[in-house]
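Per chain, numbering begins at 1; letters A, B, ... match sequence-line order.
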Protein chains: 2
Amino acid sequence: MKLIGQLSKETGIPIGTIRFYEKSGLISGQTNEEITTNNYVYYGEETVDKLRFIQMSKAVGFTLAEIKEVVDAWYKKQLTKSAKIEVLNKKLVQINDKMNELKAVKKQIAICKLNIENEVD
Amino acid sequence: MKLIGQLSKETGIPIGTIRFYEKSGLISGQTNEEITTNNYVYYGEETVDKLRFIQMSKAVGFTLAEIKEVVDAWYKKQLTKSAKIEVLNKKLVQINDKMNELKAVKKQIAICKLNIENEVD
DNA sequence: CACAAGTATATAGTATACTACATACTTTGC
DNA sequence: GCAAAGTATGTAGTATACTATATACTTGTG
């Protein structure tokens, strides 16, 4: 079990941001019942996976609300199987859209670069 | 030459947002010198291209500041050839990073989906 | 055992990217 | 020729995602 500083060290995400993610319902830890002297929160290994998933998802333009949908499908026991699958399928469609947009942006930049290279300086 | 409403219709971007992009230096139009009765701003066809580029770039997680760098390399006469190429090369690297992150996110969701499908309901 | 470092909580502030008025003028359609 | 629709300008408000600060308590180290 890891404390918040450990999570921050492993993922490079600032402690303040991790706290913000916890308040937003993206991750959660629990206090150790045996220790009554403090209220330090402990996180499991899966929290690191979640944080890395959040990092990557944000980098490709997903909002925290969109990411939360996936994380909930991933970990929440309350949702039905079909509800989870539906969320994930929608997300896969969005990912394909982004893949195409990324290719289009890349192509545009490549064209732009070619044009500039053929300019006289 | 197009007016702002036309740009909005063709791209689906709200007029207010287009004005915001113009204030941010991402696009620019000019007033028609021959018409002195109004100060309507006219935009060339390349503005539509720029707006579509902005749309896609935003969808894959680029900020307006990052997008502006590319648009400046694309259209600004003031920058040197090598400065432009440098900006574009950096952007291509970022795009490759995003491509990999997108693949990783996709993979994670596929795994997540498989796990759920194999659950007992 | 002092004290530096780590943690918890709460609140406020910031950056980015819009979005919504309000006001005023212009153009278009019937 | 008048109302509806379009455009310009300015200011203020909102949503998202942090980021900083202050305060207080706990833990680890020389």
**Fill in**
To the nearest angstrom, the CG-C1' distance between B/N32 and D/dT7 comes to 15 Å
**Request:** Check whether any side-chain N or O of A/K98 sits under 3.5 Å from a backbone N or O of B/L102 as a donor-acceptor pair, and report yes or no.
**Result:** no
**B/L3 CG to C/dT28 C1', straight-line distance once rounded to whole Å** = 13 Å
**Request:** Please lay out, stage by stage, how B/E46 and B/K50 fare under the test salt bridge (charged side-chain N to carboxylate O under 4.0 Å, His left out).
**Result:** CA-CA 6 Å; B/E46 85 285 355; B/K50 280 192 195 177; 5.5 Å; no
**Whichever of A/Y40 and A/F20 has its nearest DNA chain D nucleotide further upstream toward 5'** = A/F20
**Asked** For the side chain of B/N39, counting heavy atoms from C-beta on, which of D/dT9, D/dT19, C/dA8 is nearest?
**Response** D/dT9
**Item:** Co-membership, hydrophobic cluster, residues A/I27 and A/L64, 4.5 Å side-chain
**Value:** yes
**Request:** Using a strict 4.0 Å threshold on nitrogen-to-oxygen distance, state whether B/E69 and B/K91 make a salt bridge.
**Result:** yes
**Message:** How many whole angstroms separate atom CG of A/L51 from atom C1' of D/dC18?
**Reply:** 15 Å
**Asked** Do other residues, nucleotides or ligands put more than 12 heavy atoms under 6.0 Å from A/K2 NZ?
**Response** yes
**Asked** Does a nitrogen or oxygen in the side chain of B/T17 sit under 4.0 Å from OP1 or OP2 of C/dT19?
**Response** yes
**Item:** Per A/R19 side chain, nearest of listed nucleotides D/dT7, C/dT9, C/dA17
**Value:** C/dT9
**Message:** Which residues in residues 55-68 of chain B have a heavy atom closer than 4.0 Å to any atom of DNA chain C?
**Reply:** B/K58, B/T63, B/L64
**Item:** Nearest-angstrom distance from the residue atom CG of A/L26 to P of D/dT16
**Value:** 13 Å
**Message:** Expressed as a whole number of angstroms, how long is the span from A/Q6:CD to C/dA8:C1'?
**Reply:** 18 Å
**Request:** Give one of base, sugar-phosphate or nothing for B/Y42, where a contact means two heavy atoms less than 4.0 Å apart.
**Result:** nothing
**Message:** Do A/V70 and A/F62 make a side-chain contact, defined as non-hydrogen atoms from C-beta onward lying under 4.5 Å apart?
**Reply:** no
**Asked** Are the side chains of A/K84 and A/V87 in touch, meaning some heavy atoms are under 4.5 Å apart?
**Response** no
**Complete:** Quick note, A/T37 side chain, CB onward, closest among D/dA8, D/dT26, C/dT26 is D/dT26
**Request:** Take the protein atom NZ of A/K23 and the nucleotide atom P of D/dT16, then report the distance between them rounded to whole Å.
**Result:** 15 Å
**Item:** Rounded interatomic separation in angstrom, taking CE from A/M1 and C1' from C/dT7
**Value:** 16 Å
**Complete:** Of A/Y43 and B/G16, the one whose nearest nucleotide on DNA chain C sits closer to the 5' end is A/Y43
**Prompt:** From D/dT19, C/dA8, C/dT11, pick the nucleotide closest to the side chain of A/P14?
**Reply:** D/dT19
**Prompt:** Could you give the CG-to-P distance, from B/N38 to D/dT9, as a whole number of Å?
**Reply:** 10 Å
